[in-house]
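Because the structure is a prediction, the values reported are computed rather than measured. Just so we're on the same page: letters track the sequence lines, and every chain starts at 1.
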Amino acid sequence: MAWLTEQEAKAKRKTDIGPPHYSKMLPPVISKNYGKWKYHEVFTPGTMVHVAESGDKVYTVRVASPRILATESIRAMLDIADKYCDGYIRWTTRNNVEFMTTREENVPLIKKAAEDAGYPAGGIGSGLSNMVHTQGWVHCHSAAADASGLVKAIMDEVYPYFTEKKLPAKTRLALACCVNMCGAVHCSDLAVVAIHRKVPEINHDLVKNMCEIPTTIGACPTRAISPDPAKKSVKINPDKCMYCGNCFTVCPPIDIHRPEEDGVAIVVGGKVGSLRKGPMFSKLAIPYIKNNPPRWPEVVSAVKNILETYANDARKHERIGEWIDRIGWESFFKKTGIEFTYQHIDDFTFARDTFRTSAAFKW
Amino acid sequence: MAWLTEQEAKAKRKTDIGPPHYSKMLPPVISKNYGKWKYHEVFTPGTMVHVAESGDKVYTVRVASPRILATESIRAMLDIADKYCDGYIRWTTRNNVEFMTTREENVPLIKKAAEDAGYPAGGIGSGLSNMVHTQGWVHCHSAAADASGLVKAIMDEVYPYFTEKKLPAKTRLALACCVNMCGAVHCSDLAVVAIHRKVPEINHDLVKNMCEIPTTIGACPTRAISPDPAKKSVKINPDKCMYCGNCFTVCPPIDIHRPEEDGVAIVVGGKVGSLRKGPMFSKLAIPYIKNNPPRWPEVVSAVKNILETYANDARKHERIGEWIDRIGWESFFKKTGIEFTYQHIDDFTFARDTFRTSAAFKW
Amino acid sequence: MKKYETPLLNELEKGPWPSFVKELKKAAKTSEMANDEVGQLEKSFRDKRGYWKHGGIVGVLGYGGGVIGRYSSLPNEFPGVAHFHTVRINQPSGMFYKTDSLRTILDLWDEYGSGLTNMHGSTGDMVLLGCRTEALEPLFAEVTSRGWDLGGSGSALRTPACCVGKARCEWANIDAMDICNDLTQTYQDYVHRPAWPYKFKFKIAGCAVDCVASIARADCSIIGTWKGNIAVDQDVVKDYAKAGMNINAEIVGMCPTGCMSYDGKTLTIDDENCSRCMHCISKMTKALRPTGERGASILIGSKAPIVVGSLLSWVIVPFMKMEPPYTELKELAEKIWEWWDDNAKPRERIGEVIELKGMRSFLEAIGVPPQPQQVLAPRKDPFFFWKDEDLNGKK
Amino acid sequence: MKKYETPLLNELEKGPWPSFVKELKKAAKTSEMANDEVGQLEKSFRDKRGYWKHGGIVGVLGYGGGVIGRYSSLPNEFPGVAHFHTVRINQPSGMFYKTDSLRTILDLWDEYGSGLTNMHGSTGDMVLLGCRTEALEPLFAEVTSRGWDLGGSGSALRTPACCVGKARCEWANIDAMDICNDLTQTYQDYVHRPAWPYKFKFKIAGCAVDCVASIARADCSIIGTWKGNIAVDQDVVKDYAKAGMNINAEIVGMCPTGCMSYDGKTLTIDDENCSRCMHCISKMTKALRPTGERGASILIGSKAPIVVGSLLSWVIVPFMKMEPPYTELKELAEKIWEWWDDNAKPRERIGEVIELKGMRSFLEAIGVPPQPQQVLAPRKDPFFFWKDEDLNGKK
Ligand code: SRM
Ligand code: SRM
Ligand code: SRM
Ligand code: SRM
Ligand code: SF4
Ligand code: SF4
Ligand code: SF4
Ligand code: SF4
Ligand code: SF4
Ligand code: SF4
Ligand code: SF4
Ligand code: SF4
């Protein structure tokens with residue numbers, strides 16, 4: 001293959017056609033039974049069956065993915081799909097890969113083939129699924145920690161909960177590499193969010209040359225930035241700065257990176273489904289753990305500690321947030337042994353609703 | 001008795017002595033068993049006994065009061081206390097009067113004497129107590145409705161729940177005659193709060209002479225008032241005004257009174273004790289009912305409707321707020337037949353937390 | 001004395017509930033002031049509006065509060081209420097009265113005022129309703145010479161109030177009446193000489209049942225509690241069951257922490273998970289009793305809605321011992337007032353200021369460490385601040 | 001090709017979870033770009049910081065979005081990532097792929113880009129990771145000529161996403177994939193040409209289980225529901241019991257409305273009090289089925305925390321029928337956008353604007369009446385506003 005010339009490209013290009021219609025992508029058993037499924041049954045964390053009104057069955061093998069996939073790896077998956085799944089494959093909303101087949105006997109073969117390729121089966125039912133995450137140092141300018149590296153380190157450690165061990169309920173881990181929170185970690189059972197913790201440093205000489213002052217001022221969501229006419233640059237009010245890095249986005253000489261201060265916070269107890277208690281936000285469990293690549297052992301053990309405390313203490317079907325709701329946050333801190341700090345106390349817009357307005361609580 | 005002369009007054013006056021020490025006011029059985037009570041038992045809504053570790057008993061007869069009491073009436077009560085209670089009497093935190101005696105046989109006599117004086121016994125246990133209220137047209141410049149009149153009309157109607165009939169739990173009614181809410185009705189099971197609903201009218205000529213412009217501007221909590229230099233007066237931004245009447249307090253020519261627009265709102269579901277669900281704020285049930293003195297029949301029947309719906313539907317020990325919490329506000333509106341309006345939807349500072357963030361609700 | 005026709009008010013003399021109109025009219029028999037109050041009130045009922053003007057500053061020499069100035073806006077029509085100030089007499093803690101002691105006040109009030117009262121005002125004072133400016137000084141002299149004093153008003157410490165507590169309640173963990181009296185006496189100067197950004201209220205309840213609504217309407221709510229188990233008398237539990245109580249539905253099923261169980265015979269409490277909410281104890285008072293150490297939780301900030309919306313008090317100190325002379329409590333209160341005074345704009349209550357300045361700055365100023373009991377839940381959004389001292393040496 | 005030492009990254013090739021480092025290195029075998037990505041990433045791991053610069057505007061002719069411009073801040077050291085833009089390819093609704101169809105994209109990407117992908121991005125796109133500016137136009141021509149198109153970025157309609165819905169789930173009340181596809185196709189212009197105050201996201205879930213997290217991360221969340229009873233197959237209930245399910249603890253006791261009961265034989269649902277939360281149905285899928293009319297609840301406004309804190313979506317329309325061509329939904333969406341456009345400052349999401357301007361003004365503009373389903377609870381403080389039209393003629 002060779003690159004198209006400008007000419008060729010102009011001739012070929014189309015616009016506003018949108019994605020291919022999904023109907024072209026569906027395995028025949030899905031097309032046939034579309035909207036007519038009756039029930040499903042989970043066999044193992046990696047396998048389940050859906051049964052249609054018609055009696056048709058579709059077996060699904062779900063396998064893990066690091067989300068960053070080389071084309072070569074995807075091709076390997078497509079080969080499996082060609083071999084066992086009539087040439088169809090699917091990705092889930094949490095970046096796992098699903099192989100579907102109407103032939104039960106293919107299930108172990110698919111599992112084996114995927115595992116051989118490096119992608120183990122799991123993630124279905126009451127356990128851990130893939131950890132949703134974002135770009136990190138691999139691609140984003142804003143990242144206060146890497147994404148994929150942390151995820152790999154964490155998932156290696158909690159791996160059995162993906163492939164075999166059960167938890168009281170589905171448990172959703174997520175990671176966002178900065179407070180923009182592209183991972184939408186704000187409603188996860190347990191999420192890692194990378195944070196900066198210091199006001200960015202300004203290289204005034206470079207600002208003068210590289211940045212538009214009004215744009216830079218406008219980029220700050222808390223209006224912490226004001227002009228510094230003497231230096232033909234800007235200054236930052238440290239009491240207002242929330243270390244979001246928006247200024248850095250538009251003006252790289254305002255450097256938000258602080259290798260020794262950046263790190264991650266851990267938030268817990270969020271969910272999105274309306275089942276039982278309804279959707280909940282994740283709340284702060286640990287305000288800061290330092291970046292310690294390549295394997296972030298402190299983060300990994302903090303995650304494990306919370307997960308295992310939950311696994312031992314929660315009732316069946318109770319999500320992390322429901323469990324904490326029942327026992328109370330004061331018990332959460334006691335049982336996990338996590339220190340409670342000033343950072344845990346809300347001082348943001350809606351702080352009021354987080355203060356305890358009751359004389360009833362646990363010691 | 002004659003008035004003290006200025007001279008005499010100067011000679012006699014003391015300052016900063018504070019109230020008499022409570023120990024001088026306690027019946028002997030109370031002094032003796034202070035801090036050593038063991039349990040109590042409620043006999044009727046008007047009578048109960050407290051039993052001390054020592055075996056001593058104190059019987060209490062609680063009677064209603066309109067709170068506004070003429071000295072003559074208080075003297076009549078003191079006479080009863082002298083006769084049956086060794087010369088001691090008590091008021092409760094909800095303005096009822098308590099007669100205490102160690103002699104069981106006095107109980108019916110006290111009850112009878114108080115009822116003869118016009119003050120029926122009741123208010124103990126799972127039912128209605130006195131309706132907490134404030135000044136109204138009797139004394140306060142700020143009042144958007146009367147207080148005592150509304151309370152009298154309501155209590156006449158729900159009277160049986162004070163003297164004999166039970167409710168699922170203690171039910172606290174309250175009334176505040178303006179949004180200053182001196183009655184602290186913001187945490188009552190059911191409260192009436194009087195409201196203005198229109199921007200005050202300004203008599204500019206009088207403002208010029210009677211009011212300090214900066215004070216007037218400063219009095220407005222929402223900064224709705226700004227100078228009107230042309231008129232040497234002020235103007236009000238109608239989008240910001242929340243009809244609180246603070247401007248009228250400092251500048252009477254800015255008249256907040258609008259006889260045809262003023263009236264009351266009804267809020268429900270508050271409580272203060274930490275039992276079970278903990279303290280709760282009252283929430284808006286009915287945004288407006290017009291002032292219709294002397295007996296406000298529309299308000300009375302609205303109160304009765306809510307109370308009876310609650311009485312029929314709630315579980316034992318469930319306060320109004322707990323009941324609504326269990327059934328959901330959408331069911332509350334359905335069961336009471338109360339119309340849901342734009343006013344019910346919060347648009348104040350903390351609106352966000354009142355919006356429904358779940359796909360689970362009832363039709 | 002002018003005779004008013006009161007067709008509207010008359011309607012409120014009917015019905016079983018005690019009638020305030022009857023009270024007004026009782027006083028009006030002998031008081032011109034009360035009589036004109038009746039007249040003006042009838043007019044208010046007719047016109048559906050009040051006729052009062054705010055008072056400006058009236059009071060007694062050397063005090064800045066205790067009297068609420070009020071004037072009729074129709075002084076010519078109703079001269080008896082041309083002045084109609086209220087006088088707040090500080091109630092004895094717990095609102096017990098020896099009858100002769102109270103009679104003294106009534107007699108003075110008939111002499112100097114309208115003969116009308118509120119027993120009591122919402123804050124807790126005995127409110128004497130309707131007094132002329134010139135009566136204030138002599139009335140004050142009479143009242144104080146007999147051992148009574150004025151309560152608070154304005155930007156001052158307001159009259160503290162409490163529940164009946166140890167006087168007649170088996171659940172009082174602290175001596176609410178004594179704390180109330182002690183605070184009132186210790187801080188007389190603050191009660192009488194408004195010197196703060198705004199009002200400040202104390203309310204003291206013996207337990208979490210909160211019979212004085214302290215958590216809803218006190219800048220500082222002091223609520224008794226305990227550290228220890230709930231003792232269960234299983235025999236008495238059986239009595240309750242026999243008497244028809246559905247223990248599983250009414251007690252176990254309503255326990256907010258789910259820490260109780262009942263197998264039809266024995267009631268078991270997992271005390272470590274009890275939040276001391278008082279539900280079970282209040283419904284089975286003969287069978288259940290707190291045991292162990294007693295003290296109070298200190299909560300801060302409740303108030304009515306203006307300006308930023310009503311607040312319930314927030315837990316600041318989960319547990320404090322409460323022994324006279326209550327030094328720890330007073331030291332805390334004084335630190336609170338100092339910080340408030342330093343940080344508030346006029347008419348900002350303590351709760352509002354904490355919200356504006358952040359709980360951390362408040363806690364640091366009063367020397368209270370962060371504790372999970374202070375929050376219902378930790379913060380959600382990751383915009384938390386770090387001081388240099390947090391960064392250095394920590395983790 | 002430069003050979004990087006990667007002692008730190010190597011650590012992440014170990015362990016049972018699939019390794020992104022292996023993926024990077026697979027691509028690096030043939031791609032200079034991927035190779036320098038590995039080099040720069042190793043440096044990031046060593047220095048604990050990223051080395052990227054935000055992109056400014058890069059893209060394809062006539063489109064304002066679909067490409068995220070990104071440049072290394074160390075282009076001399078890592079020339080392969082001097083440009084390292086990402087290209088968002090709009091995924092087919094539901095993320096099913098025919099293998100040959102997907103191979104087409106892979107082949108193109110090996111030719112024009114780094115060979116690295118994200119399957120998928122958080123919004124739902126197929127993300128092609130690492131592309132030079134000059135590759136964008138030809139790549140775009142190749143991709144579109146094969147029936148694919150770019151997804152959204154910038155202040156535009158973002159690529160809509162949905163759960164698997166009717167394709168493979170027994171609980172889908174609406175055709176999530178079809179709605180997703182229809183909205184994507186109908187609003188191609190809005191996806192490709194950012195013309196709004198900020199981004200706008202649609203996510204569509206077939207039921208309240210919300211397997212696409214729509215309620216947490218979509219400006220408009222469309223969630224399937226039903227109006228009708230839950231049909232109970234009592235025989236199958238018995239099977240579950242026999243298989244060891246503790247129906248009282250796991251189902252009845254966890255029903256949030258308390259509307260279920262089970263006497264050891266029959267499972268009863270008081271449907272009027274069911275909130276359709278999906279708990280019981282999801283845990284006993286063989287025994288319980290919704291019946292009756294199907295449609296969707298429309299919710300508005302969820303987003304990540306910047307600036308005013310994270311939001312969950314708010315119920316606006318409790319129930320809407322969902323039949324193609326989804327006219328009612330589209331009319332609603334268009335009214336929402338119009339009001340948003342009229343009222344938002346740049347970079348204000350719809351939820352933020354509703355909060356600022358008040359729910360009433362929003363509902364009035366889009367023609368939706370107030371309904372109790374829109375709120376968890378009514379307002380508390382009595383500071384509500386009255387329009388003249390409310391005062392005239394009402395009550
Ligand atoms: C006398 C008084 C204290 C005082 O210092 O004056 C008092 C006295 C008692 N209260 Fe109270 N409460 C008193 C105001 C309150 C208040 C405050 C208020 O209403 O403003 C509350 C909080 C209400 C709220 O949560 O909104 C209050 C909530 C309770 C409760 C909790 C009810 C519940 O389950 O939510 C109990 C326990 C119970 O009833 O089982 C209780 C129980 C009691 C007991 C049984 C305590 C005891 O063992 O002596 C006392 C008599 C029972 C009764 O009245 O039914 N008392 N009680 C107050 C009487 C007011 C009145 O005249 O009616
Ligand atoms: C007399 C009393 C009502 C009653 O009928 O019982 C009362 C009456 C007034 N209150 Fe109050 N408040 C009274 C207890 C309360 C309470 C309840 C309490 O203290 O437990 C509250 C709610 C709790 C709180 O403090 O927030 C209360 C919240 C207010 C407010 C709102 C304050 C706020 O921060 O939101 C104002 C407005 C103000 O301060 O300007 C207010 C202002 C007023 C003024 C002084 C209005 C004024 O500017 O003149 C009222 C004088 C009425 C009059 O004509 O005499 N009053 N006020 C209560 C005091 C009697 C006493 O000393 O015992
Ligand atoms: C690629 C992706 C993360 C990923 O690894 O999957 C992503 C990456 C970026 N997001 Fe995001 N967002 C991505 C999904 C999200 C989501 C999740 C979702 O859409 O479901 C969210 C949370 C939901 C929401 O919209 O609030 C999200 C909330 C943000 C925000 C905060 C917006 C806000 O209103 O709070 C920003 C900041 C901004 O818009 O300036 C942001 C900005 C960015 C930028 C464009 C930062 C920038 O200024 O350059 C990131 C480019 C990264 C890069 O280097 O390529 N991204 N972003 C996701 C898009 C891929 C795709 O198209 O499928
Ligand atoms: C495949 C997928 C939809 C898709 O379009 O891709 C999917 C598929 C199913 N989900 Fe899901 N869910 C999927 C993402 C989600 C999400 C979204 C997310 O995680 O971001 C949620 C919301 C989580 C939350 O609330 O925070 C989700 C919460 C559930 C639940 C609710 C669990 C609970 O009790 O709270 C169920 C019901 C259950 O497990 O009993 C469920 C049940 C199911 C069922 C059984 C539905 C069915 O009858 O087919 C499907 C397989 C079960 C399984 O995976 O255990 N699915 N499911 C998604 C798989 C993601 C993955 O790779 O792991
Ligand atoms: S979360 Fe932040 S750092 Fe991570 S991809 Fe999104 S914008 Fe970039
Ligand atoms: S980091 Fe964020 S808050 Fe701080 S100055 Fe920069 S833009 Fe403003
Ligand atoms: S509630 Fe308002 S009108 Fe009533 S007494 Fe208090 S300040 Fe006056
Ligand atoms: S009524 Fe209140 S909000 Fe309106 S102008 Fe007067 S002071 Fe301001
Ligand atoms: S608050 Fe507690 S101690 Fe005080 S009276 Fe009420 S129940 Fe008794
Ligand atoms: S006090 Fe409350 S939490 Fe404790 S056991 Fe009793 S009901 Fe349960
Ligand atoms: S959201 Fe509902 S319909 Fe969609 S996949 Fe999940 S369970 Fe099925
Ligand atoms: S769907 Fe939810 S609310 Fe309805 S019966 Fe089932 S568990 Fe209860």
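- Contact of B:H21 with chain C is made through backbone and side chain together, with heavy-atom distances under 4.5 Å.
- If you measure heavy-atom distances from C:E134 to chain B, the contacts under 4.5 Å come from both the backbone and the side chain.
- No donor-acceptor pair closer than 3.5 Å links the side chain of B:W37 to the backbone N or O of C:W171.
- Here the shortest heavy-atom pairing between C:S122 and B:T134 reads OG-CG2, 4.1 Å.
- When all heavy atoms of B:A9 and C:P138 are compared, the closest pair comes out as CB-CA, 4.0 Å.
- A donor-acceptor distance shorter than 3.5 angstrom exists from the side chain of C:D149 to the backbone of B:D16, with no hydrogens or angles considered.
- For chain C, the nearby parts of B:H40 are the backbone and the side chain; heavy atoms of each come within less than 4.5 Å.
- Applying the side chain to side chain contact (heavy atoms under 4.5 Å, CB included) test to B:K14 and every residue at least two apart in sequence or in another chain returns B:I17, C:T144.
- With sequence neighbours left out, C:C277 forms a disulfide bond (SG atoms under 2.5 Å apart) with no residue at all.
- Under the 3.5 Å distance criterion, the side-chain polar atoms of C:T117 are matched with a main-chain donor or acceptor of B:L69.
- A donor-acceptor pair is defined here as one N or O able to donate and one able to accept, closer than 3.5 Å; such a pair exists between the side chain of B:T93 and the backbone of C:C211.
- Looking at B:E53, only its side chain comes within 4.5 Å of chain C, counting heavy atoms on both sides.
- For B:D146, the part lying under 4.5 angstrom from a heavy atom of chain C is the side chain only.
- Of the two parts of B:A2, only the backbone, made up of N, CA, C and O, holds a non-hydrogen atom closer than 4.5 Å to a non-hydrogen atom of chain C.
- Ring geometry for B:H317 against C:H279 counts as perpendicular: the plane angle is over 60°, on a 0 to 90° scale with 30° as the lower cut.
- In terms of heavy-atom proximity, B:P259 sits nearest to C:D47 at CB-O, 3.3 Å.
- The CG atom of B:L275 lies 9.5 Å from the OG atom of C:S275; values are rounded to the nearest 0.5 Å.
- You'll find the side chain of B:K24 stays beyond 4.5 Å of the side chain of C:S101, heavy atoms only.
- If you measure heavy-atom distances from B:V138 to chain C, the contacts under 4.5 Å come from both the backbone and the side chain.
- A heavy-atom distance below 4.5 Å is found between the side chains of C:L102 and B:W91.
- Put simply, the side chain of B:H257 never gets that close to the backbone of C:R49: no donor and acceptor are under 3.5 Å apart.
- The aromatic rings of C:H54 and B:H141 sit perpendicular, their planes meeting at an angle over 60°, well past the 30° parallel limit.
- The contact between B:N246 and chain C is made entirely by side chain atoms (from C-beta outward), counting heavy-atom distances below 4.5 Å.
- With respect to chain B, the highest number of heavy-atom pairs below 4.5 Å among C:K303, C:K22, C:R347, C:R46 belongs to C:K303.
- Of the two parts of B:P252, only the side chain, counted from C-beta on, holds a non-hydrogen atom closer than 4.5 Å to a non-hydrogen atom of chain C.
- Checked by atom type and distance alone, the side chain of B:R67 pairs as donor or acceptor with a backbone atom of C:H120 at under 3.5 Å.
- Taking the six-membered ring where the residue is Trp, C:W52 and B:H139 present tilted rings, their angle falling between 30° and 60°.
- Put simply, of B:K152, B:K12, B:E98, the one with the most heavy-atom pairs under 4.5 Å next to chain C is B:K152.
- Judged purely by atom type and a 3.5 angstrom limit, C:K48 has no side-chain atom pairing as donor or acceptor with the backbone of B:P293.
- Proximity to chain C involves both the backbone and the side chain of B:Y34, based on heavy atoms less than 4.5 angstrom apart.
- When heavy atoms are compared at a cutoff of 4.5 Å, B:Q135 approaches chain C solely by way of its side chain, counted from C-beta outward.
- Interface check for chain C: of the options B:S31, B:A70, B:A145, the most heavy-atom pairs under 4.5 Å are formed by B:A70.
- C:E137 contributes no side-chain N or O that, together with a main-chain N or O of B:T5, makes up a donor-acceptor pair within less than 3.5 Å.
- B:C177 does not touch chain C: none of its heavy atoms, backbone or side chain, sits under 4.5 Å away.
- Neither the backbone nor the side chain of B:S23 comes within contact range of chain C; no heavy atoms are under 4.5 Å apart.
- Between the side chain of B:H186 and the backbone N or O of C:P305, no donor-acceptor pair lies under 3.5 Å.
- Both the backbone and the side chain of B:T15 come within less than 4.5 Å of a heavy atom in chain C.
- Of the two parts of B:Y88, the backbone and the side chain both hold a non-hydrogen atom closer than 4.5 Å to a non-hydrogen atom of chain C.
- For the pair C:R168 (side chain) and B:M100 (backbone), a donor-acceptor distance under 3.5 Å is absent.
- Contact count versus chain B (heavy atoms, under 4.5 Å) is highest, among C:G62, C:C180, C:C169, for C:C169.
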